[in-house]
Amino acid sequence: MNTQTAYRTHTCGELRLKDAGKHVKLVGWARRVRVLGGVVFVDLWDRYGITQVVFNQQWDKDLYEQAREIDREFVIQVEGEVRERENKNPNIPTGDIEIKAASFKILSKSKVPPFIIEEHTDGGEDLRAKYRYLDLRRPPMQRNLIFRHRLLQFTRNWLSEKGFLELETPFLIKSTPEGARDFVVPSRLYPGHFFALPQSPQLFKQLFMISGFDKYFQIVRCFRDEDLRADRQPEFTQIDCEMSFVDQQDVMNTFEQFVADAFKSLLDYELEPFERMPYEEAMNKYGTDKPDTRFGILITDITKDVKGFGFKVFDTSEYVGALPVPDGSSITRKMWDHWEEYIKRVADVPGFFYVTWKDELKAKGPIIKILGEETVKELFNKSKVGPGDALIIMAGPWEKIVSALGTLRLHIAKELNLIPKDRFKALFVVDFPLLSWNEEENHWEPNHHPFTAPKESDIPILDTNPGKVKAKAYDLVINGVEIAGGSIRIHNQSLQQKIFDLLGLSKEEAYQKFGFFLEALQYGTPPHGGIAFGFDRLTAIMLGEETIRSVIAFPKNKSGRDPMLDAPAPISEEQLKELHIKIIEP
RNA sequence: GGCCCGGUAGUUCAGCAGGUUAGAAUGUCGGCUUGUCAGGCCGAAGGUCGCGGGUUCGAAUCCCGUCCGGGCCGCCA
């Protein structure tokens with residue numbers, strides 16, 4: 001790599017002892033200036049590293065006096081000789097040498113930065129967001145964005161080599177009422193009409209398959225106007241893929257290889273083969289459709305074991321589940337109260353019981369009295385725990401209880417430090433139900449999207465028992481984070497019509513919404529399917545970052561604002577007029 | 001839309017069972033210091049305690065409202 005320019009002969013990261021004696025020119029930011037009487041040290045930083053520059057009164061009195069004026073984050077250019085240090089710094093790669101400055105120039109001064117621009121900053125999140133460009137000057141942020149670049153390049157190369165074509169799709173498209181709320185762009189040429197920004201290029205990539213491109217990918221920005229989370233931004237990046245003439249296994253195998261290769265190539269980490277876990281198993285054992293399988297502690301169904309003891313809560317509940325807590329007998333009462341308070345706050349569960357087993361069984365509530373010690377010990381046994389441990393028991397509707405236990409499982413594991421760091425566990429969750437029943441609107445809804453194919457074996461029960469139909473859909477989960485999701489699509493028109501019927505979409509409505517697409521389906525649609533990765537999430541998880549904001553150069557904050565730009569913002573009367581828009585104050 | 005946490009010096013925080021002049025660290029500014037690398041030492045400046053209202057003789061501290069930031073639930077086909 002050639003880094004030599006009109007301003008420099010070397011970067012701040014490349015000089016070593018072997019370069020001693022060379023006359024060099026460096027540019028960079030003065031990261032730290034140490035003024036001692038008679039000698040000035042400047043740590044000169046650029047994205048390649050840090051090189052120490054020295055000014056000495058004895059060498060050049062004037063130059064030394066001028067150097068005292070250098071301040072933090074000034075951009076300076078230094079000319080001088082590389083020499084071996086008197087006191088070496090083993091902590092940095094260039095620590096054996098320094099630049100004996102012969103001359104220097106301040107190219108650009110800096111105001112005092114609002115926070116320390118170092119590995120560990122003292123700045124809070126909102127301040128760093130406002131001065132994002134300064135935060136990005138910090139080594140951790142530089143590393144993150146450089147890693148993101150490498151993952152992008154890796155993805156492009158890997159997919160291209162496998163025959164995928166990078167094809168682009170439009171950003172100004174049509175709003176559809178399904179799914180997430182659309183971001184919308186007013187049309188100047190068509191008063192009262194709006195474009196929408198894509199939530200994903202879903203239908204376009206299917207059209208590419210109909211066009212015969214066979215393998216498509218795109219690293220593409222998607223837009224969803226929903227509330228934010230640590231792992232959710234209103235605009236985010238997908239690795240969007242689609243393949244023709246494939247079934248589930250083909251897609252999963254291809255992208256298992258992709259992810260494994262990415263981890264190997266970028267992190268030198270060997271992922272274990274990805275488990276394929278049915279949705280039902282994920283829910284029953286982990287209480288979620290995105291299980292974190294890095295640690296044990298599995299939910300156990302004890303419904304049958306606790307019925308018939310005359311305890312109303314158990315006898316009348318659809319489901320009773322148990323969650324083991326290893327070493328739970330030494331947990332303080334305060335901690336238990338905290339967990340109970342936590343789960344009641346986030347999950348709205350009716351009953352929360354726990355039993356600890358130290359020398360003897362102890363319970364909060366009447367559990368032992370009702371079930372008897374023997375039965376309780378059997379429950380421990382069934383949950384694969386015993387003396388020294390504890391058991392949490394909750395009763396109620398299956399889905400509610402199982403998710404509450406799953407939420408607690410994660411919460412407790414975090415607080416007890418049971419989750420191994422520096423470990424990655426990837427799996428595919430499969431066999432999702434195709435549809436779920438919408439109580440309020442009284443019709444079936446697609447769990448994934450309305451073009452997802454059902455499993456062939458379940459097609460016969462589409463009419464009789466739609467809730468039991470499984471989809472050819474799959475989610476890739478790493479460390480409990482949903483990283484990718486996809487499905488095999490319907491390529492058969494009558495099947496597609498049947499699904500629309502189930503969803504309560506009339507022919508007219510369906511045509512109004514996806515007319516172009518339904519039309520396209522009639523011109524020779526190949527069997528096809530695909531997957532889309534949350535690229536920001538993948539990057540974040542590979543880097544061990546808690547939020548995707550850390551891997552996005554200029555993210556929105558929690559309230560969906562850009563605190564640096566101060567956007568969104570009002571526009572002028574003229575702009576509004578041109579767009580034929582009148583503001584209705586809320 | 002709901003719940004939780006936070007907002008005090010440039011910055012990160014302490015102070016908050018109401019009571020003297022609101023503190024620390026760090027940064028900033030000034031001085032001294034020739035081998036530092038989170039340089040050291042001495043000194044100084046620096047505050048609308050987010051904002052508005054209320055309770056009180058008295059509010060950073062208690063109450064209500066509001067704004068801002070973060071986490072979660074809802075939402076995210």
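So you know, we letter chains A, B, ... as the sequences are listed, proteins then strands, and number each from 1. Model, not experiment: these values are computed from the prediction. Below, all heavy atoms of this structure are taken into account, side chains as well, without hydrogens, waters or symmetry copies.
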Check whether any side-chain N or O of A:Arg34 sits under 4.0 Å from OP1 or OP2 of B:G39, and answer yes or no. yes

Any donor-acceptor N/O pair under 3.5 Å between B:G70 base and A:Asp126 side chain: no

Touch check for A:Lys344, heavy atoms < 4.0 angstrom, all strands: base, sugar-phosphate only, or nothing? nothing

Should the side chain of A:Arg85 and the base of B:C37 be counted as holding a donor-acceptor pair, with the cut-off at 3.5 Å? yes

A:Arg72 has an atom CZ; how far is it from atom P of B:C37, in whole Å? 17 Å

Touch check for A:Glu86, heavy atoms < 4.0 angstrom, all strands: base, sugar-phosphate only, or nothing? base

So, does A:Ser559 get its side chain near the phosphate of B:G69, meaning an N or O under 4.0 Å from OP1 or OP2? yes

Quiz item: A:Arg83 side-chain donor-acceptor pair to B:G35 base, under 3.5 Å: yes

Please say whether more than 12 non-hydrogen atoms of neighbouring residues, nucleotides or ligands are located less than 6.0 Å from NZ in A:Lys344. yes

Partner nucleotide of B:A17 by Watson-Crick or wobble geometry (both distances under 3.5 Å): none

Counting the atoms with a prime plus P, OP1 and OP2 as sugar-phosphate, which does A:Leu127 contact under 4.0 Å by heavy atoms, base, sugar-phosphate, or nothing? sugar-phosphate

Interatomic distance, A:Leu228 CG vs B:C75 C1' [rounded to whole Å]: 11 Å

Scan A:Gly95 against the nucleic acid and name what it touches under 4.0 Å (heavy atoms): base, sugar-phosphate only, or nothing. nothing

Under 4.0 angstrom, heavy atoms only, what part of the nucleic acid is A:Arg32 near: base, sugar-phosphate, or nothing? sugar-phosphate

A:Ile117 has an atom CD1; how far is it from atom P of B:G10, in whole Å? 19 Å

Let's test this: given Watson-Crick or G-U wobble pairing with both distances under 3.5 Å, identify the partner of B:C32. B:G40

Between A:Phe223 and A:Phe171, is the ring centre distance below 6.0 Å? yes

